Amino acid sequence: MTDSTIASAAGATPAALPRKKLFIRTFGCQMNEYDSQKMVEILAAATPGGLDKTERPEEADVILFNTCSVREKAQEKVFHDLGRVKDLKKLNPELLIGVGGCVASQEGAAIVERAPFVDMVFGPQTLHRLPELIAKRRESGRPQVDISFPEIEKFDRMPPARVEAASAFVSIMEGCSKYCSFCVVPYTRGEEVSRPFEDVLTEIAELAVKGVREVTLLGQNVNAYRGVMGRSGARGGEGAAVADLATLIEYIDEIPGIERIRYTTSHPREMTQALIDVYGRVPKLVSQLHLPVQHGSDRILAAMKRGYTALEYKSVIRRLRAVRPNLSLTSDFIVGFPGETAKDHELTMRLIDEVAFDGAFSFVYSARPGTPAADLADDTPAPEKSARLSQLQQRIDELFLDYSRAMIGRTERVLVEGVSRKSASELAGRTENNRVVNFAAGAHGERLIGQYVDVRFTEAAPHSLRGEMVVTD
Ligand code: SAM
Ligand code: F3S
């Protein structure tokens, strides 16, 4: 995160009003990254003198922690970080400290009890109320806690997206109603709520006008999207038609300027045939899919309450590859779920080879208070779990490198994201399967940023590719 300046909604900055500084720290998933960006935009719009982001908490007027409680360490880290900024209030008594995200949602007022210097506690569904919470904090002199789930209000109250790059995230649904036995998300983010269909299309059309070429549709279970269609029924009138993700993608395909469509994260149970068929009809839908499987053993999948077997998962992949043979698949895995035996783990390793995943996020199971799995007996020793995780990660890394090597010699359109981190004379682009490729830009230089260019891949490093630009007349 670099320092950046965000103008106030009022346009020109009135001379008398001081600019404010915001320090924000984000933990966890892409949804949280997205929410943090929205917090910045909302506070900027509500700060008459303007707002600058800062990397230095000691110079901030507002400090926000956007927390995650999916795994243990992120949760502990929040209280640790709060302890580190506590004393800044002695230097600046006006300083406001806020805690948002899933830990806030779960702990609520308990955060203020444990850390009484915290001024605002808000959940993922009430982040748009930040300006009101700050105003009430100032008026009342008391910490404010709002972790309610006001359906859809959040989407309606967001300021228009600021465009900084050719690629943008668009949140299309919130929450999760799957209740996997290990996961806190349904409790912290609430049940699935989809944004109205036309609202999503309007936002994407506006982004395209501002130069966005690639959109990533975001949701905790994005393929469970069911958006009400039609302006009249937009707030859920009786009998209103509902669009699924497949329909939404076909409409986005028609928006001029949008050249690539991604979505994340999806659930295997929601990979309908209609959505699979869209891969056959919409080339703009990338040949990359993140489809968390979690495990390869049916016994563990059932205990996790995932709602599918390994065979059913493989059947989804087979049908997807029938319409998109070059589909790159990534996944999430949990190792060491309560009761997992060496045999169960073997089944996960077998599944990884059968599907040939091209990358994964993998985690050791962490018991989350309040979830059903937290009550299960867990007798696998921690070192055994770590060994299983290392084995899994090593295999995934090998497969990733195999895929990268297989790309050498191929030419692909890549979206140029910026100057390469490795060399200032090179550009960095992103491939369809989410790899960074560094290549010499020659005389064309930085004006290619935000454009698609053809790049031939020449070398595969463990985490990136090298290539050369192919210029066709
Ligand atoms: N919606 C996604 C899905 O369909 O699985 C998952 C979203 S979840 C926030 C992100 C990932 O965190 C999960 O896929 C899972 O692998 C991991 N995760 C969730 N709860 C966990 C826990 N209690 N222990 C370890 N990893 C966990
Ligand atoms: Fe969590 Fe399962 Fe939903 S992993 S986010 S409860 S699909």
Side-chain angles (χ1 to χ4, degrees), residues 26-35 66-76 101-103 105-106 124-125 171-194 216-225 245 263-272 275 289-297 300-308 310 312-313 316 329-340 348 351-352 357 359-376 378 380 382 385-386 388-389 392-393 396:
T26 309
F27 301 84
C29 65
Q30 251 170 346
M31 295 293 296
N32 264 15
E33 293 286 350
Y34 178 88
D35 282 351
N66 189 11
T67 63
C68 169
S69 55
V70 166
R71 283 170 298 279
E72 223 150 19
K73 290 213 177 86
Q75 196 164 1
E76 283 161 20
C102 290
V103 175
S105 178
Q106 228 176 359
Q125 308 309 349
S171 170
I172 66 165
M173 59 85 67
E174 278 280 341
C176 180
S177 309
K178 300 289 183 285
Y179 292 94
C180 299
S181 63
F182 54 81
C183 185
V184 289
V185 169
Y187 312 99
T188 58
R189 285 188 173 264
E191 297 237 329
E192 289 159 7
V193 182
S194 294
T216 303
L217 309 175
L218 268 191
Q220 204 60 247
N221 252 311
V222 73
N223 54 348
Y225 175 78
L245 183 63
Y263 61 89
T264 197
T265 297
S266 21
H267 194 287
R269 246 169 63 197
E270 304 277 358
M271 281 318 289
T272 59
L275 184 52
L289 175 65
H290 185 69
L291 193 61
V293 62
Q294 312 297 357
H295 215 278
S297 154
I300 299 292
L301 286 170
M304 287 177 163
K305 297 216 165 22
R306 291 290 292 177
Y308 53 83
E312 281 163 345
Y313 183 86
V316 169
L329 279 154
T330 55
S331 202
D332 288 352
F333 292 94
I334 295 180
V335 301
F337 187 81
E340 182 193 72
T348 298
L351 181 78
I352 290 173
F357 287 104
F361 296 113
S362 47
F363 317 95
V364 166
Y365 167 75
S366 138
R368 304 288 66 215
T371 59
D375 298 329
L376 298 175
D378 181 4
T380 312
K385 291 185 183 184
S386 306
R388 288 178 193 168
L389 184 69
L392 186 153
Q393 287 177 337
I396 293 281

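Here the structure is a predicted model, which means the values were calculated and not measured. Ligands are counted one by one from 1 in listed order, and the atoms in each one are counted from 1 as well.
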For S266, the atoms of ligand 1 under 4.0 Å from one of its heavy atoms are 4 (O)
Test item: D378 side-chain N/O and G339 main-chain N/O as donor-acceptor pair under 3.5 Å: no
Going by the atom numbers of ligand 1, which of them fall below 4.0 Å from some non-hydrogen atom of H267? 4 (O)
Considering N32, N223, V70 one by one, which has a heavy atom nearer to atom 18 (N) of ligand 1 than any of the others? V70
Check for a donor-acceptor pair, side chain of S331 on one end and backbone N or O of V293 on the other, with a separation under 3.5 Å. yes
Taking only non-hydrogen atoms of V185 and a 4.0 Å limit, the atoms of ligand 1 in range are 9 (C)
Is ligand 1 less than 4.0 angstrom away from at least one heavy atom of V364? yes
Compute the minimum heavy-atom distance from G28 to ligand 1 and say whether it is under 4.0 Å. no
Does F182 have R368 sitting over its ring (NZ/CZ under 6.0 Å from centre, angle to axis within 45°)? no
Main-chain N/O of G359 paired with T330 side-chain donor or acceptor, under 3.5 Å: no
Examine R368 against ligand 1 and note whether any of their N/O atoms are separated by less than 3.5 Å. no
Can you tell me the protein heavy atom closest to atom 17 (C) of ligand 1 and the distance? R71 NH1, 3.3 Å
Distance filter under 2.8 Å, centred on atom 2 (Fe) of ligand 2 - protein N, O or S atoms that pass it: C180 SG
Spell out, as yes or no, whether a donor-acceptor pair under 3.5 Å connects the side chain of Q220 to the backbone of G175. no
Nitrogen or oxygen atoms of F333 and ligand 1 under 3.5 Å apart: no
Could you check whether any side-chain heavy atom of E191 comes within less than 4.5 Å of a side-chain heavy atom of C176, counting everything from C-beta outward? no
Is a donor on one side and an acceptor on the other found under 3.5 Å between the side chain of Q125 and the backbone of R189? yes
Side chain, backbone, both or neither: which part of A367 comes within less than 4.0 Å of ligand 1 when only heavy atoms are counted? neither
Does the side chain of F333 come within less than 4.5 Å of H295's, by heavy atoms? no
Around atom OH of Y187, are there more than 12 heavy atoms from other residues, nucleotides or ligands closer than 6.0 Å? yes
Taking the inter-plane angle between the rings of Y308 and Y313 on a 0 to 90° scale, is it parallel (under 30°), tilted (30 to 60°) or perpendicular (over 60°)? tilted
Look only at interatomic distance and state if D332 has a nitrogen or oxygen under 3.5 Å from any nitrogen or oxygen of ligand 1. yes
Do P292 and T265 come within less than 4.5 Å of each other through their side chains, counting heavy atoms only? yes
Who's the nearest protein heavy-atom neighbour of atom 27 (C) of ligand 1, and how far? I334 CD1, 3.6 Å
Check each heavy atom of F182 against ligand 1 and say whether those closer than 4.0 Å belong to the side chain, the backbone, both or neither. both
Numbering as shown, the atoms of ligand 2 that approach Q220 to under 4.0 Å (heavy-atom distance): 5 (S)
Test item: S386 side-chain N/O and A382 main-chain N/O as donor-acceptor pair under 3.5 Å: yes
Report yes or no: does T67 contribute a side-chain atom to a donor-acceptor pair with the main-chain N or O of V103 at less than 3.5 Å? yes
Below the 3.5 angstrom mark, is there an N/O of Q294, backbone or side chain, next to an N/O of ligand 1? yes
Please write down residue, atom name and distance for the protein heavy atom closest to atom 2 (C) of ligand 1. T265 CG2, 3.7 Å
Decide whether Q393 and S362 meet the rule of one side-chain donor and one side-chain acceptor closer than 3.5 Å. yes
Which of the numbered atoms in ligand 1 are under 4.0 angstrom from any heavy atom belonging to Y365? 24 (N), 25 (C)
What protein heavy atom lies closest to atom 8 (S) of ligand 1? Include the residue and the distance to one decimal. Q220 OE1, 4.2 Å
Do ligand 1 and R306 have nitrogen or oxygen atoms that lie under 3.5 Å from each other? yes
Do the side chain of K385 and the main chain of V364 share a donor and acceptor less than 3.5 angstrom apart? no
Between M271 and L291, is any pair of side-chain heavy atoms under 4.5 Å apart? yes
Using heavy-atom distances, let me know which of S366, A224, A360 sits nearest atom 22 (C) of ligand 1. S366
